[in-house]
Amino acid sequence: MKESTESLNFIEHIIEEDLANGFAKDNLRFRFPPEPNGYLHIGHAASICLNFGLGEKYNAPVNLRFDDTNPAKEEQEYVDAIKRDIAWLGFKWAKECYSSDYFQQLYDWAIQLIKEGKAYVDQQSSEQIAAQKGTPTSPGSPSPYRDRSVEENLDLFEKMKNGEFEAGSYLLRAKIDMASPNMHMRDPILYRIINKAHHRTGTEWCIYPMYDWAHGQSDYVEQVSHSLCTLEFKAHRELYDWYLDQIYDSKLLRPKQREFARRNLSFTVMSKRKLLELVQKKIVAGWDDPRMPTISGLRRRGYTPDSIRKFSDVAGISKRDNVTEVSLLEFCIREDLNKTATRVMGVLNPVKLIITNYPEGKSEILEMENNPELPNSGTHEVPFSRELYIEREDFKEEAGKKFFRLSLGNEVRLKSAYIIKAESVKKDENGNILEIHCTYDADSRSGSGTEASQRKVKGTLHWVSIAHAIKAEVREYDRLFLDEAPDSHEDKNFLDFVNPDSLKIIKEAYLEPYLANASMDEKFQFQRLGYFSLDPDSKSDALVFNKTVGLKDTWAKQNIENPPQNQPKQPQTQTSNQGKRKALNEIQQISKKLTNFSGEKLNGAMSSILELAEEVSYEELSPLFNTAAKKVGTRIGVMLTLSVLLNKGQERNAEIDAFIQSGLEDEHEILKAEAQKLV
RNA sequence: UGGUCCAUGGUGUAACUGGCAACACGUCUGAUUUUGGUUCAGAAGAGUCCAGGUUCGAGCCCUGGUGGACCAACCA
C-alpha cells in the first residue's frame, strides 16, 4: 500500500473507506470497458490509468471488457486497435471480456424480468415512445402495451429473438416509473431488434441489449467491485442499481458505479464522434494522424507510454469540468525525452556556410555525445568539412545585444566542432543571403583540450556537413484547433476553429548521416530544435521524421509579445468565458477584497464597482444592508453602489439612512468616508 | 419549469474526523551551461463563487442565492 503521505483522489478515498468498512481487499476488481467503435484517445488514457493504476496499487485484477452491444457501429478493427493501445501503454488486463459473451445470461435474466411482470414488449414507433417519455420537467405517460399479460410478453419476446419481426418493430422495455424525475427510469429499453452481423456472435442474435441492461450485469458477472465511468453516466446509476436489484444474489459481490469527470485537453476535441468526423472529412489523415489526441496519434507523433501515464497521473481525477492545458502534456513528454533521446543535428531551413580557411576537399570525423543527461550513453561520429549548412535564423548580418548567434565579425561555436567567425556574405540580386563566409580557429576543436577550445563564446550553433548530409522529410505540427475549447461554443461548430496551418512539411531537411540508420522506435533530439522520431511513412531511402515537440524556447518567447497572465486578477471586467455574471455578484466579489487593496489597485477596484453599480437595482441591493459588521469590504461596495443609485434618483428611506448611519459609525476609514459622502 | 452533479492562484489537482490553503504545469528573476535545452536558486500570483448561520476557529458543516455541467438515441 502507498504511504499515507500521498494524497488520494476521491475514488481512492471511496475504496479506502470501503476497505475500512470491512470490504475484503481480495475482492477488489476493476475493468476498463471501451466500446469498439473508435480509437482510444488521451481522455481514455485517464480512465485506463485510473483503472489499471488502481489494479497495480491494490494488486487487484483489471479486466478489459469490450462493450459490444451494438453491431451497427462496432468493428473488429477497433477491438484490435484498442488492445494494441492499452498494451502499448504498458498495462496488462486480467481477462479479455466481451459483453457479447453474456448475451445468453442477459437473455435469461430478461425472461425472468418478464415473468415477474417487470418487463414488457412494446411495439410503437420511436416517435411515439419519445413523445410518451415526457421531458425532464414533465412526467411521461404509459405505453398502451404496458400491461400485456406475461404470456403474451413471453411469446412476443420469443418471436423477437427468433427473428420473426422487422428491425425496429418491437422492443422489450423494463416496467419502472413513467413519472420518475430521472428520465432513465421511464421504462427504459432492454432489447431492440437489429439485423446486422455482430463482430463476434455473427448472426446468432437479432436482439441486442442496450448499454444499461448489459453494463451493470456484465460488471456483476465479472464480479467487478468498483465500476468507474465518466460523469455523464451519473444519471444512469439509479437504473444500474435497479437492474442489479432484480437479479442480485446476496452471496455474490455487488458492483457499485462511481463517476469521475472526463479529461479535456485545450485546443483539441475529445469525443469519438468528433474525432471520427475529422477522419471522415479528411481534415486529418486518419485516426493515427500525429495531430490527433488519440493514443495512436500521440504514439506516431513520438510520445512515449511513460509520458502519457505521467500526464494522467499528474492531471489527476476529480468531478469538475476541466480543460487541461496542452503545456502539461508537453512538459511530460519533454521531461521523458530529455532523459532518453539521442542528441543529433539536423538543419531544417538551411543556408550555406563556407569556412574559407579550411582546406578544400578535407573532412574529419568528430565525436558527439549521445546524451549529456545519460552518463554512459556514449558518442557517435559526425563528419565535418569546409562547406556546411546552418539554420537561416541563426545568422544576422548585424546583431543586437541579445542575439547570441552568428553575425558579421562575431564568433560562435559550431556544436562539438570549431569556433568560427563570420567575415562576409554573398547575396543574390534581391539581397537574399546565398553564402556566409567564415574563418575558423583550427585550435578550437571541441574536446581537444587546448586553450582555444575552452574559450567562451556567446553562442553555439548546430550544423551539418553538406557533402555528408542525408536529405529527409520533416513534418512539424501545430495545434489542430485555434480555440482553446473548440467544442464548447453553442453558436459555432468545432470545425470552424480548425487551424489551417497545423501541418508544415519540410520536404528537404538536411540531417547528419548517423540518422540514416535510425529505427522506428528510437527517439532523437535534434539539438536546439526539439524531439523527433521516424514516421511509419519512411522508406529506407526516404526518411520521414515527425517533430514530437519543440524544446522550450525562451528566445522565441522574447520575440513574441505574449500577454502576461501572471498578473493579479483584474477587478475591472470579469466577463471571461463564464458568461455574464450578474453585476451585483461581481461587485460582491470585488468588494470582498477591498480592504486588502491600496493605492492604484484600490482606486481601480472602486471605480469598477461604480461602473457595475449602474446595472444594479435597489431591490437587489437592499438585502445586503444587513451584511455583517465585520465584512467591511462588502459594506463599502454596497455603500458605493448605493451612491450610484441615489444619484440616479433613488429615494431615501429609513433602511438607507440606517445603513449610511452604520457606515458613519464604523471605524474603517474608507467606509466612513464613503458614508460621509452620502449624508 | 424538474432532477442530479460541480465551484480552491492563469491551468490541473491537494488540504485525512473543521486548525494560519499545498503541489505540479505555466509565468517572471538570477546562476550554471559547447543545446537561448537541462540543472540549480528564487519570485510573483488565490484568502477558496456570493450572503447568512453554527463554532474559540469554516475551503471543509447548515440555509438561501449565483454560475456552470449533465439528463428526453431502438448510442455507449
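So you know, we letter chains A, B, ... as the sequences are listed, proteins then strands, and number each from 1.
The distance from atom CG of A:Asn322 to atom P of B:G26 is 18 Å, rounded to the nearest whole Å. Put simply, CG on A:Leu551 is 14 Å from C1' on B:U33, counting in whole angstrom units. For the pair A:Tyr208 OH and B:A73 P, the computed distance is 23 Å after rounding to whole Å. Taking atom NZ of A:Lys458 as the reference point, atom P of B:U35 lies 16 Å away to the nearest angstrom. Rounded to an integer number of Å, the gap from CG of A:Leu624 to P of B:G65 is 15 Å. Here the C1' atom of nucleotide B:C71 and the CE atom of A:Met185 are 14 Å apart, to the nearest Å. The CD atom of A:Gln525 sits 13 Å away from the C1' atom of B:U34 (whole-angstrom rounding). For the pair A:Glu369 CD and B:U33 P, the interatomic distance rounds to 15 Å; values are reported in whole Å.
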Kindly give the atom pairs (protein nitrogen or oxygen, nucleotide nitrogen or oxygen) under 3.5 Å for nucleotides 55-60 of chain B.
none

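Judged as a ring pair (Phe, Tyr, Trp, His ring centres under 6.0 Å), and not counting sequence neighbours, A:His462 has no contacts. Every side-chain contact (heavy atoms from CB on, under 4.5 Å) that A:Asp553 has, sequence neighbours left out, goes to A:Trp555, A:Ala556. Under the ring pair (Phe, Tyr, Trp, His ring centres under 6.0 Å) criterion, A:His13 pairs with no residue, sequence neighbours left out. Residues passing the side-chain hydrogen bond (donor to acceptor under 3.5 Å, both in side chains) test with A:Tyr211, sequence neighbours excluded: none.
No contact: A:Ser266 has no heavy atom under 4.0 Å from any strand. Heavy atoms of A:Glu35 sit under 4.0 angstrom from primed sugar atoms or phosphate atoms, though from no base atom. Contact annotation for A:Ala315: backbone-only contact, meaning every heavy-atom pair under 4.0 Å involves sugar-phosphate atoms and none involves a base. Here A:Gln124 lies in heavy-atom contact (under 4.0 Å) with a base. Among the heavy atoms of the strands lying under 4.0 Å from A:Thr634 are primed sugar atoms or P, OP1, OP2 only; no base atom is included. Within 4.0 Å (heavy atoms only), A:Arg263 reaches sugar-phosphate atoms of the nucleic acid but no base atom. Counting non-hydrogen atoms under 4.0 angstrom, A:Phe233 reaches a base of the nucleic acid. Nucleic acid contact for A:Val323: sugar-phosphate only, since backbone atoms but no base atoms lie under 4.0 Å from a heavy atom of the residue. Heavy atoms of A:Gln588 sit under 4.0 angstrom from primed sugar atoms or phosphate atoms, though from no base atom. Across all strands, A:His462 comes closer than 4.0 Å to no nucleic acid atom at all (heavy-atom distances). Residue contacts for A:Thr324: at a heavy-atom cut-off of 4.0 Å it reaches the sugar-phosphate backbone alone, with no base atom in range. Among the atoms of the strands shown, only primed sugar atoms or phosphate atoms (P, OP1, OP2) are found under 4.0 Å from some heavy atom of A:Asp553.
Minimum heavy-atom separation, A:Gln525 to A:Arg528: OE1-N, 4.4 Å. Residues A:Gly38 and A:Lys272 approach most closely at CA-CD, 3.9 Å, considering heavy atoms.
Close to B:A76, at under 4.0 Å from its OP1 or OP2, lies a side-chain N or O of A:Thr69. An OP1 or OP2 oxygen of B:C50 is reached within less than 4.0 angstrom by a side-chain nitrogen or oxygen of A:Lys592. In terms of phosphate contacts, A:Lys557 brings no side-chain nitrogen or oxygen within less than 4.0 Å of OP1 or OP2 of B:G36. An OP1 or OP2 oxygen of B:G3 is reached within less than 4.0 angstrom by no side-chain nitrogen or oxygen of A:Ser180.
Between the side chain of A:Thr450 and the backbone N or O of A:Asp443, at least one donor-acceptor pair lies under 3.5 Å. Of the possible donor and acceptor atoms, none in the side chain of A:Ser180 sits under 3.5 Å from a partner among the backbone N and O of A:Asp177.
In this structure, the nucleotide among B:A76, B:G26, B:U38 sitting nearest to the side chain of A:Ser327 is B:G26. Side-chain proximity of A:Ser126 to B:A24, B:C74, B:U35: nearest is B:C74. For A:Trp555, the listed nucleotide lying nearest its side chain is B:G36; candidates were B:A51, B:G36, B:U35.
For the C1' atoms, the distance linking B:A51 with B:A43 amounts to 35 Å, nearest Å. Nucleotides B:U17 and B:U11 place their P atoms 27 Å apart, quoted to the nearest Å. Spacing of P atoms, B:A15 relative to B:U1, comes out at 35 Å, to the nearest Å. B:G37 and B:G12: their P atoms are spaced 27 Å apart (whole Å). A gap of 15 Å separates the P atoms of B:G9 and B:G45, to the nearest Å. Taking atom C1' in both B:C56 and B:C20, one finds a spacing of 14 Å when rounded to whole Å. Going from the C1' atom of B:C50 to that of B:U8 covers 15 Å, rounded to whole Å. For the P atom pair drawn from B:G19 and B:A58, the interatomic distance equals 11 Å after rounding to whole Å.
For the strand RNA chain B, secondary-structure stems (runs of at least three Watson-Crick or G-U pairs, all distances below 3.5 Å) span B:2-7 with B:66-71, B:10-13 with B:22-25, B:27-31 with B:39-43, B:49-53 with B:61-65.
For the pair A:Lys415 and A:Trp463, the cation-pi test (distance below 6.0 Å, angle within 45°) is failed. Relative to the six-membered ring of A:Phe267, A:Arg479 meets both conditions, a distance below 6.0 Å and an angle of at most 45° to the axis.
For an aromatic pair to be called close, the ring centres must be under 6.0 Å apart, and A:Phe524 with A:Phe532 fails this.
Relative ring orientation between A:Trp213 and A:Tyr243 is described as perpendicular, the plane-to-plane angle rising above 60° on a 0-90° scale split at 30° and 60°.
A glycosidic torsion no more than 90° from 0 defines the syn conformation; B:G59 lies beyond that range and is anti.
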